[in-house]
Protein chains: 2
Amino acid sequence: MGRPSVKEQRTEEILDAFARCVARYGLEGSTLERIAEEAGVQRTILRHYIGNREALVAALGVRVEREFTASTEALFEWLPEYDRIEHLVDALFEPSLGTSSEDLSVAQALISASKLYPDIGARLKSWLLEFERLVAQELSTRYQRASPSAIAEVSLGLLSIYFSVDAFSPLQLPDSHRELASQAAWRLIRTLET
Amino acid sequence: MGRPSVKEQRTEEILDAFARCVARYGLEGSTLERIAEEAGVQRTILRHYIGNREALVAALGVRVEREFTASTEALFEWLPEYDRIEHLVDALFEPSLGTSSEDLSVAQALISASKLYPDIGARLKSWLLEFERLVAQELSTRYQRASPSAIAEVSLGLLSIYFSVDAFSPLQLPDSHRELASQAAWRLIRTLET
DNA sequence: ACTTATATTGTCAAATATGAAAATTAATTG
DNA sequence: CAATTAATTTTCATATTTGACAATATAAGT
């Protein structure tokens with residue numbers, strides 16, 4: 001009995017708003033006021049449902065790892081049976097396919113801040129390593145004769161290029177940059193042939 | 001006559017401290033108090049020599065562009081006559097050669113914040129494009145038969161990998177990651193052969 | 001209608017961050 | 001040492017941020 005709880009939804013809304021703020025203002029720039037405004041609620045609501053700033057940051061860390069891991073795995077699940085790598089590269093470099101650009105901004109901001117929040121750093125690290133592992137798996141399935149170290153090098157390079165496209169995006173480089181990045185990724189992948 | 005001015009040195013010290021804070025706490029997380037403490041002066045000193053927060057941020061932008069551009073060009077000046085690309089890659093991926101890791105953290109933080117500070121964004125953009133231009137120049141001197149687009153792709157890929165090594169560094173990935181990144185860079189470069 | 005559990009709003013105090021100016025101290029030159 | 005110029009410290013006001021709790025409103029079940 002009693003009034004039905006909206007704790008789940010509110011918590012989601014709040015952490016979503018928090019993530020959007022982090023993408024825009026960075027972690028330290030995301031004040032409780034801003035988060036509340038972004039979520040369209042009073043500031044005291046944040047405290048009521050989640051807790052103080054420390055608790056909010058911790059909750060964001062947990063949520064981000066969960067979401068990112070899920071969407072990364074969803075991406076690989078979604079890959080069709082054939083031309084998997086082609087689809088993967090398209091998803092990584094096509095604007096607004098796969099992981100959203102905002103997510104990567106959040107990831108960057110949290111990685112930079114992970115010296116102050118080691119727990120978040122650990123979570124993002126495990127997400128990233130899993131991402132790398134999935135890419136490597138994909139590559140070694142296609143390029144069975146490639147050595148493990150070659151696979152590791154290309155996987156890392158691929159992810160690096162992928163991340164950089166987003167890291168540079170606030171600079172409003174010409175659109176051609178995204179295409180160049182995609183081509184660079186393919187260059188790297190092709191080094192695994194024969 | 002009168003007491004000798006230390007404006008130059010103080011200004012340097014303050015902006016250095018500011019940069020260190022930005023690397024650690026991000027731009028929004030760098031309060032005047034923290035910067036002052038990092039510089040070992042009173043907060044009012046910042047105001048006296050540079051101005052309010054807005055002026056400080058603007059000054060940091062100017063300084064960062066100047067410093068980064070200078071050290072990037074110094075790097076290319078420093079390259080010997082032969083094996084220039086080998087030395088360049090070493091400089092980029094060897095820890096603590098060339099541009100310091102802290103500088104790149106500052107660059108990342110400022111790039112993320114450049115939506116709020118368009119002027120800083122423009123400065124970093126021009127630095128980055130110059131960096132890319134220099135790399136491209138180096139590559140096309142060595143690989144004269146490579147097409148301009150191939151050169152552009154590899155230059156961008158190279159810088160992306162370079163930046164990512166630093167972007168990921170707070171995660172304390174195994175040391176092997178740096179080596180993998182370097183190898184990935186070489187893989188990319190070798191695609192320009194013949 | 002009453003109870004109950006929860007949502008939502010309101011209020012206050014403390015801590016921190018910023019802005020601005022006045023007052024003081026220190027080094028140099030004549 | 002006196003004058004001068006600039007460095008440094010002191011002080012005050014204001015705005016923002018955060019924390020904590022009280023008070024009220026709302027939607028269920030009985």
Side-chain angles (χ1 to χ4, degrees), chain A residues 1-61 63 109-110 113 116-117 119-120, chain B residues 1-61 63 109-110 112-113 115-117 119-120:
Chain A
M1 60 174 85
R3 186 172 178 171
S5 175
V6 292
K7 186 164 186 169
E8 311 274 310
Q9 301 95 296
R10 285 283 171 281
T11 301
E12 292 272 306
E13 289 167 12
I14 292 166
L15 293 180
D16 277 354
F18 196 177
R20 285 195 297 276
C21 286
V22 168
R24 247 177 287 155
Y25 308 107
L27 187 54
E28 307 299 322
S30 299
T31 67
L32 300 186
E33 302 274 9
R34 263 207 257 263
I35 299 166
E37 191 192 347
E38 178 73 30
V41 299
Q42 300 263 110
R43 177 175 64 87
T44 49
I45 292 286
L46 311 193
R47 176 176 188 75
H48 181 253
Y49 287 111
I50 305 186
N52 60 14
R53 173 163 250 277
E54 193 186 334
L56 273 163
V57 172
L60 182 67
R63 182 158 204 278
L110 293 183
L116 289 78
Y117 301 89
D119 178 65
I120 292 187
Chain B
M1 63 173 87
R3 184 172 180 172
S5 173
V6 292
K7 185 165 186 168
E8 311 274 311
Q9 302 96 295
R10 284 283 171 282
T11 301
E12 293 271 307
E13 290 166 10
I14 292 166
L15 293 180
D16 277 354
F18 195 176
R20 285 195 297 277
C21 286
V22 168
R24 246 177 288 153
Y25 308 106
L27 186 55
E28 306 299 322
S30 299
T31 67
L32 301 186
E33 301 276 10
R34 262 207 259 264
I35 299 167
E37 191 191 348
E38 178 72 30
V41 299
Q42 300 264 110
R43 176 176 65 88
T44 51
I45 291 287
L46 310 193
R47 176 175 187 75
H48 181 253
Y49 287 111
I50 305 185
N52 60 15
R53 174 162 249 277
E54 193 185 336
L56 272 161
V57 172
L60 182 66
R63 181 157 204 277
L110 294 183
S112 323
K115 287 213 172 104
L116 290 75
Y117 300 89
D119 178 65
I120 293 188

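Naming convention: chains lettered A, B, ... in sequence-line order (proteins, then strands); numbering from 1 in each chain.
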Touch class at under 4.0 angstrom, heavy-atom based, for A:V6 against every strand present: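 Sugar-phosphate only.
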Closest-nucleotide ordering on DNA chain D, the 5'-leading residue of B:V41 and B:G2: B:G2
Terminal axis angle for the helix from C:dA1-D:dT30 to C:dG30-D:dC1, five pairs an end, nearest 10 degrees: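 One end axis against the other gives 0°.
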Nucleotide C:dG19, atom C1' - distance to CD1 of B:I50 in whole Å: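 In whole Å, C:dG19 C1' lies 16 Å from B:I50 CD1.
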Gap between atoms NZ and C1', on B:K7 and D:dT5 respectively (whole Å): 13 Å
Pairwise side-chain contact, A:Q42 with A:I45, heavy-atom cut-off 4.5 Å (strictly under):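 A:Q42 vs A:I45: side chains touch.
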Heavy-atom side-chain proximity of B:Y25 to A:L27 below 4.5 angstrom: no
B:E28 and A:T31, any side-chain heavy atoms less than 4.5 Å apart: no
Whole-Å gap separating C1' (C:dA23) and NE2 (B:H48):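 Distance check: B:H48 NE2 to C:dA23 C1' gives 13 Å.
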Derivation of the salt bridge (charged side-chain N to carboxylate O under 4.0 Å, His left out) call for B:R24 and B:E38: CA-CA 11 Å; B:R24 246 177 288 153; B:E38 178 72 30; 3.1 Å; yes
Base versus backbone protein contacts along nucleotides 14-25 of chain D [heavy-atom cut-off under 4.0 Å; B, S, -]: ---SBBB-----
A:Q9 CD: over 12 foreign heavy atoms closer than 6.0 Å: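 Counting neighbours around CD of A:Q9, more than 12 heavy atoms of other residues, nucleotides or ligands fall under 6.0 Å, so yes.
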Under-4.0 Å side-chain N/O to phosphate OP1/OP2 contact, B:Y49 with D:dA6: no
Salt-bridge present (B:E13, B:R10; N to O < 4.0 Å): yes
Nearest non-hydrogen partners of A:L46 and A:L32, listed with the distance: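 In this case the closest contact between A:L46 and A:L32 is CD1-O, 3.6 Å.
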Neighbour count >12 (heavy atoms, 6.0 Å) for atom CD, B:E12: yes
Validation row: A:L15, A:I50 side chains within 4.5 angstrom (heavy atoms):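 A side-chain contact under 4.5 Å exists here.
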Any A:T44 side-chain heavy atom under 4.5 Å of A:H48 side chain: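 In short, these two side chains do not touch, never coming nearer than 4.5 Å.
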A:R43 side chain reached by A:I35 side chain, heavy atoms, under 4.5 Å: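 They are not in contact (no side-chain heavy atoms under 4.5 Å apart), so the answer is no.
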Residues touching DNA chain D, which here means a heavy atom under 4.0 Å, drawn from residues 8-15 of chain B: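 The answer is B:R10.
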Atom-pair distance (CD on B:E37; C1' on C:dT16), nearest Å: 14 Å
